[in-house]
> 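Attaching a single structure in structure tokens format; questions to follow.
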Amino acid sequence: GENVEQHPSTLSVQEGDSAVIKCTYSDSASNYFPWYKQELGKRPQLIIDIRSNVGEKKDQRIAVTLNKTAKHFSLHITETQPEDSAVYFCAARDGWGGTASKLTFGTGTRLQVTL
Amino acid sequence: NAGVTQTPKFRILKIGQSMTLQCTQDMNHNYMYWYRQDPGMGLKLIYYSVGAGITDKGEVPNGYNVSRSTTEDFPLRLELAAPSQTSVYFCASSAAGLAVDNEQFFGPGTRLTVL
């Protein structure tokens with residue numbers, strides 16, 4: 001089955017700096033890569049996602065890049081703010097949307113943005 | 001829309017007791033999932049369902065059972081609770097089909113402690 005590794009496990013940045021979180025996956029058939037943000041005691045919420053036919057996607061201060069050859073994808077947050085402090089999870093989906101759409105999650109990165 | 005709802009929010013069980021975690025979604029999603037999240041860890045898939053009457057095992061199904069008699073409901077049953085089942089349980093749902101993004105929407109979670 002799919003295996004997703006995520007690094008680093010913790011990341012501390014100063015407000016205004018950039019943060020980068022990296023994930024690798026094992027199954028070359030995986031085709032959809034979402035990123036979830038989980039604030040303390042809350043549910044995971046999707047912040048951005050990318051499909052395997054796209055190399056980069058941006059949404060305001062966040063962006064995701066995908067390298068299919070190397071089987072890795074990254075989350076980039078620019079101009080970090082205190083409200084960006086949370087745990088971020090990457091995930092990879094095997095199978096197409098018409099069949100069982102299962103996600104394999106990374107172990108998470110705890111991002112702390114300091115003033 | 002309420003989205004994905006879960007009950008109860010918190011529960012303490014004694015070893016050997018049984019309980020059912022309830023999950024309901026009002027988005028008419030075909031796919032539903034149960035995850036567990038251990039402290040400081042990612043999400044592990046317990047069971048999933050691609051439609052009413054169809055369920056399948058995920059990564060960590062031992063000690064759990066599910067049923068899916070309606071599109072809206074996907075209860076998770078714990079039989080003979082063990083301390084290793086202490087965790088936060090999240091239910092999620094997503095739309096089906098090749099043309100949709102298949103974003104998974106999560107419920108608020110159930111925090112279960114087995115003593």
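This structure is a prediction, so every number in the text was calculated from the model and none was measured. Chain naming here is simple, since letters A, B, ... match the order of the sequence lines and numbering starts at 1 in each.
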> Out of Leu43(B), Ile54(B), Asp56(B), which one racks up the most heavy-atom pairs below 4.5 Å with chain A?
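Winner by heavy-atom pair count: Leu43(B).
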
> Check the pair Lys102(A) / Tyr31(B) against side chain to side chain contact (heavy atoms under 4.5 Å, CB included), numbers first and verdict last.
CA-CA 10 Å; Lys102(A) 294 183 292 177; Tyr31(B) 297 162; over 6 Å; no

> Side chain to side chain contact (heavy atoms under 4.5 Å, CB included), that's the test. Do Gln37(B) and Phe105(A) meet it? Break it down for me.
CA-CA 11 Å; Gln37(B) 184 176 35; Phe105(A) 284 84; over 6 Å; no

> Going hydrophobic residue to hydrophobic residue with side-chain gaps under 4.5 angstrom, can you get from Ile48(A) over to Phe73(A)?
yes

> Counting only heavy atoms not in Glu83(A), do more than 12 sit closer than 6.0 Å to its CD atom?
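Yes, enclosed.
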
> Once you round to the nearest 0.5 Å, how far does CG of Asp49(A) lie from CD of Gln104(B)?
11.5 Å

> Non-hydrogen atoms of chain B under 4.5 Å away: do they reach the side chain of Gln45(A), the backbone, both or neither?
neither

> Looking at Met27(B), I want to see if its CE is surrounded by more than 12 non-hydrogen atoms of other residues, nucleotides or ligands under 6.0 Å.
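Counting other residues, nucleotides and ligands, CE of Met27(B) exceeds 12 neighbours.
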
> Counting only heavy atoms not in Ile12(B), do more than 12 sit closer than 6.0 Å to its CD1 atom?
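For Ile12(B), atom CD1 is not crowded (no more than 12 foreign heavy atoms under 6.0 Å).
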
> Is there a side chain to side chain contact (heavy atoms under 4.5 Å, CB included) between Leu46(A) and Phe106(B) once you walk through the steps?
CA-CA 9 Å; Leu46(A) 181 74; Phe106(B) 285 82; over 6 Å; no

> Can you hop from Ile47(A) to Phe105(B) via hydrophobic side chains spaced under 4.5 Å?
no

> Side chain from CB out, backbone as N, CA, C, O: work out which of these in Pro34(A) comes under 4.5 Å of a heavy atom of chain B, or both, or neither.
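Neither part.
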
> For the interface with chain B, which of Pro44(A), Ala91(A), Gly41(A), Ser9(A) has the highest count of heavy-atom pairs at distances below 4.5 Å?
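Option with the top pair count is Pro44(A).
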
> Please name the pair of heavy atoms, one in Lys42(A) and one in Phe90(B), separated by the smallest distance, quoted to 0.1 Å.
O-CZ, 3.9 Å

> Same cluster or not: Leu78(B) versus Tyr35(B), using hydrophobic residues (I, L, V, M, F, W, Y) connected whenever any side-chain heavy atoms lie under 4.5 Å apart?
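Different clusters.
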
> Any link between Tyr88(A) and Ile62(A) through a network of hydrophobic side chains (Ile, Leu, Val, Met, Phe, Trp, Tyr) touching at under 4.5 Å?
yes

> Minimum heavy-atom separation for Gly107(B) and Arg43(A), please, with both atom names.
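Looking at all heavy atoms of both residues, the shortest contact is O-CB, 3.2 Å.
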
> Under 4.5 Å heavy-atom distance to chain A, tell me which part of Val4(B) shows up: side chain, backbone, both or neither.
backbone

> Please check if the side chain of Tyr33(B) supplies one atom and the backbone of Leu103(A) the other of a donor-acceptor pair under 3.5 Å.
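A pair under 3.5 Å: no.
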
> Within a radius of less than 6.0 Å around CD of Glu56(A), do more than 12 heavy atoms belonging to other residues, nucleotides or ligands occur?
yes

